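Below is one structure; the comments refer to it alone.
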Protein chains: 2
Amino acid sequence: MTTDVQRSQVSETGAPTTGGDVLTVPFADAPIFTRARALRPTGKVLPEHARSHNRSLVLQTLYTSGAQSRADVSRGTGLTRVTVSDLVADLIAEGLVVELGQREDARPGKPATLIDVDRGAFRIIGIDLSEHQRFLGAVVDLDGGIVSRAEVACAGASGENAVALVVELVRSLLASTTIPVLGIGVGSPGVVDTLGVVRSAPNLGWRDIELQSRLQAEFALPVHVANDANVAVLAEHGASLQDDLLLVKVGHGVGAGLIIGGRPVIGGGFAAGEIGHVVVGTDGGPRCACGKDGCLEAWLAVPRLTAQLAELDGDAPDAASARDRILAEAGRRLGIILAPVVGALNLSEVVLSGPAELLDGALHDATVDTLRMRTMAEHNRDLRLRMTEQAEDIVLRGAAVMVLSGQLGVS
Amino acid sequence: MTTDVQRSQVSETGAPTTGGDVLTVPFADAPIFTRARALRPTGKVLPEHARSHNRSLVLQTLYTSGAQSRADVSRGTGLTRVTVSDLVADLIAEGLVVELGQREDARPGKPATLIDVDRGAFRIIGIDLSEHQRFLGAVVDLDGGIVSRAEVACAGASGENAVALVVELVRSLLASTTIPVLGIGVGSPGVVDTLGVVRSAPNLGWRDIELQSRLQAEFALPVHVANDANVAVLAEHGASLQDDLLLVKVGHGVGAGLIIGGRPVIGGGFAAGEIGHVVVGTDGGPRCACGKDGCLEAWLAVPRLTAQLAELDGDAPDAASARDRILAEAGRRLGIILAPVVGALNLSEVVLSGPAELLDGALHDATVDTLRMRTMAEHNRDLRLRMTEQAEDIVLRGAAVMVLSGQLGVS
DNA sequence: TCACGTTTGTTAGTAAAGCTTACGAACAAA
DNA sequence: TTTGTTCGTAAGCTTTACTAACAAACGTGA
């Protein structure tokens with residue numbers, strides 16, 4: 001087979017020369033890649049960093065796979081038995097791991113000593129500030145099980161008053177447990193930066209509230225603060241096989257949390273997931289509080305849906321189908337917004353969180369249908385849309401995952 | 001200030017008990033986080049990994065900041081002078097770094113020996129398969145400068161014929177340089193997985209073509225293959241300050257490449273960025289080749305735009321404004337698709353690649369306006385939409401970045 | 001019963017990596 | 001000429017994870 005490859009040469013000085021077949025291809029001058037970019041804070045890696053990475057790896061293996069021998073961990077991680085023993089000794093000394101005695105089942109060879117994360121050794125405080133009328137809190141164990149709860153009414157509270165309520169809630173939860181607390185995780189509405197500063201949370205009247213550092217100073221414990229939807233998706237990720245995940249949280253507002261390639265997405269302005277005020281479709285829609293028409297929140301927020309459903313005549317013969325029509329239209333709107341996101345990110349799983357009686361029927365089905373109609377079937381064949389299984393504790397447990405992940409490198 | 005925190009206790013066995021104020025909070029049973037999830041392939045970290053990371057860090061520092069002394073690199077990386085000297089010695093032995101002699105300017109102390117990446121020591125082969133009528137190729141230097149070019153007509157070629165054309169193109173480029181080649185980068189249309197298998201590229205009649213391994217076997221050089229738009233965004237990222245970046249590539253089709261948190265987004269089905277067949281708006285639109293109405297590609301692809309513009313009467317008094325109306329409508333449609341993506345990811349920079357005469361005027365302005373109208377101003381205040389500065393070489397240079405990044409950990 | 005193989009966890013020693021400390025070389029300024 | 005500064009390198013130390021070897025404890029089969 002003969003092919004006709006045409007070549008043009010560019011001399012090192014930049015002046016184009018021609019060799020063989022002349023070919024005039026328009027091309028930009030070849031500037032070097034910019035050198036203006038600041039050095040990325042990639043940072044050096046020291047031996048001790050490797051050590052802490054491997055430590056987390058051992059912990060993660062125990063955490064997800066349960067009780068096993070040091071030799072099992074060695075096989076699971078690829079580290080040698082010697083190294084695993086060494087790391088485990090550290091973890092035992094810190095009280096994070098315990099020996100459980102010898103394995104029972106009969107096998108040849110020296111019987112194995114089982115070890116596991118001491119799941120009762122620490123507690124985590126989880127706080128959910130996303131509800132409209134109350135702040136929720138819980139003491140959570142290392143497995144995500146909720147040990148005790150507390151809540152405080154917050155209607156009308158704002159600014160410093162609201163901060164004081166959070167402090168009281170945490171104080172009350174800390175008082176309710178004698179077991180050491182690993183840290184405090186907070187899911188807050190609004191825009192929260194990576195330092196745990198709530199840049200803006202209109203509902204709470206917060207603007208640049210340094211919640212993380214203030215709680216840390218108050219309680220002398222590690223504190224992590226993030227947006228409520230971003231926190232919620234962590235809980236879902238802990239219970240999911242997927243490393244790409246979008247969670248849509250429908251409540252008084254509508255927000256989303258996003259994990260891509262196993263990592264939470266923050267956004268350049270720390271506002272990733274803020275899709276509540278993106279306009280849906282090209283045919284108008286209900287007026288939104290933000291002034292625009294047809295924002296997703298104006299279609300989908302719980303108050304809007306319940307108000308619409310309340311207008312229905314419950315005794316009318318077609319009440320059920322009228323209800324479904326309202327919910328289906330909301331679902332369709334959600335699908336319209338999600339389609340470009342699902343397409344651009346090639347997402348395989350989208351999760352809904354919110355009142356199941358609203359989301360889990362006609363609304364869900366309409367969203368699925370709309371997504372299928374508006375994206376390319378071939379690329380998104382295995383897309384799943386489902387309700388969360390975490391129910392109303394999703395933010396509390398996500399907050400626990402955040403602490404677990406931040407303090408132990410486990411999730 | 002007295003606050004009324006209410007508590008409910010859950011016994012360790014799971015049965016709810018009440019202490020103090022009784023409070024009935026509905027909550028799901030507290031199942032542990034799933035243990036079903038397979039162990040993530042995080043992998044152990046050995047000392048040698050740390051070493052190669054630090055090696056890349058030194059190389060990256062030299063690459064982006066240019067010629068400097070070992071002591072400068074030490075200050076820039078945080079590594080000690082000793083370690084830097086050691087790493088640099090390795091790099092010099094491999095021919096990647098050269099000493100340039102002593103620094104000229106007069107300063108107290110022993111004069112510094114300048115070192116830099118030997119930017120002329122290696123070449124990279126970049127291949128762009130995304131054009132409709134021809135395959136493009138280039139020899140690229142380590143700075144991204146194009147040294148020589150080649151192209152081959154590919155109209156009608158498909159399947160194995162097309163593969164043979166690519167091989168010929170690479171062979172020709174390799175023959176044109178005597179300088180050692182670091183590797184081969186290929187930007188292909190369609191869906192390409194992480195192993196460089198082109199899962200599906202309808203235009204080329206490709207289905208599960210193992211392009212990477214075949215080229216690697218043929219030329220005994222490192223080969224990287226990825227989707228053309230995903231490759232293009234690498235070039236843009238190399239020249240941008242942003243670590244979150246969306247590039248929309250408008251040509252015979254419409255595709256996107258996405259970088260989030262400095263990492264390319266691949267997608268669960270390796271189809272991230274495939275937004276060409278997402279439906280725009282809720283008011284129908286032109287019939288698309290895929291069968292749906294109003295796909296982005298049906299609005300925005302170059303053939304569609306040129307066809308529409310060709311229908312205009314160029315001598316009519318309002319020809320210019322009619323042209324702008326057509327382009328503005330296309331831009332508006334692009335904005336409608338991008339708004340949910342920009343909102344969900346809180347993107348700070350969106351880049352357009354394609355024919356500037358179509359994209360860079362009314363279309364660009366309409367997209368910006370639409371984005372502003374449909375997203376929340378507060379969160380996306382500093383969003384920028386701009387044309388690429390890489391012109392038609394964007395895929396070729398992106399392919400070079402891919403090789404650079406894959407082989408040297410530099411970008 | 002008893003030698004043998006198998007598995008576990010530990011001890012001892014080794015290789016790799018980056019650190020601190022120390023030092024000679026080379027220059028500017030006083 | 002003296003002083004202070006900066007650069008690059010040498011030597012030795014610490015940390016880390018590795019390999020090799022081994023004792024303990026168990027099942028198996030002659």
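Please read all numbers here as calculations on a predicted model, not as lab measurements. Below, read A as the first sequence line, B as the second, and so on, with proteins coming before strands; counting in each chain starts at 1.
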### Task
Give the rounded distance in Å between these two atoms: CD of B:Gln68 and P of D:dG8.
11 Å
### Query
Among residues 79-90 of chain A, which contact DNA chain C at a heavy-atom distance under 4.0 Å?
A:Arg81, A:Val82, A:Ser85
### Task
May I have the step-by-step check of side chain to side chain donor-acceptor pair (under 3.5 Å) for A:Asp86 and A:Thr83, ending in yes or no?
CA-CA 5 Å; A:Asp86 195 37; A:Thr83 303; over 6 Å; no
### Task
Using whole Å, report how far NE2 of A:His49 lies from P of C:dC19.
10 Å
### Task
To the nearest Å, give me how far apart CD (B:Glu99) and P (D:dC7) are.
15 Å
### Task
State the CG-CG distance between B:Asp193 and B:Asn227, to the nearest 0.5 angstrom.
12.0 Å
### Task
Check whether any side-chain N or O of B:Lys110 sits under 4.0 Å from OP1 or OP2 of C:dA28, and answer yes or no.
no
## Note on the structure
Checking D:dC26, C:dG9, C:dC19 against the side chain of A:Thr113 (C-beta onward), the nearest is C:dG9
### Query
So what does B:Arg75 touch, heavy atoms closer than 4.0 Å: a base, only the sugar-phosphate, or nothing?
sugar-phosphate
### Atom-to-atom span, CD of B:Gln102 to P of C:dA26 - whole angstrom
9 Å
### Query
Between atom CG in B:Leu100 and atom P in D:dG8, what is the gap in whole Å?
12 Å
### Task
Indicate, with a heavy-atom threshold strictly under 4.0 Å, whether B:Arg103 touches base, sugar-phosphate, or nothing.
nothing
### Task
Tell me which nucleotide among C:dT7, D:dC7, D:dC26 gets nearest to the side chain of A:Pro111.
D:dC26
### Task
Respond yes when some side-chain nitrogen or oxygen of B:Arg51 is under 4.0 Å from OP1 or OP2 of C:dG18, and no when none is.
yes
### Side-chain ion pair, A:Glu99 and A:Arg70, N-O less than 4.0 Å
yes
### Query
Hey, is CD on B:Gln216 packed in by over 12 heavy atoms from elsewhere, all under 6.0 Å?
yes
### Query
What's the CG-P distance between B:Leu57 and C:dG18, to the nearest Å?
11 Å
### Task
Please check the phosphate of D:dT9 (OP1 and OP2 only) for any side-chain N or O of B:Arg70 closer than 4.0 Å.
yes
### Query
At under 4.0 Å, does any side-chain N or O of B:Asn54 touch on OP1 or OP2 of C:dG18?
yes
### Query
How long is the gap from CG on A:Leu142 to CZ on A:Arg119, to the nearest 0.5 Å?
8.0 Å
### Task
Answer whether the closest heavy-atom distance between the side chains of B:Ile179 and B:Val147 falls below 4.5 Å.
no
### Flag if over 12 foreign heavy atoms under 6.0 Å of CD, A:Glu218
yes
### Query
5'-most contact on DNA chain D: B:Ala71 or A:Glu48, nearest heavy atom basis?
B:Ala71
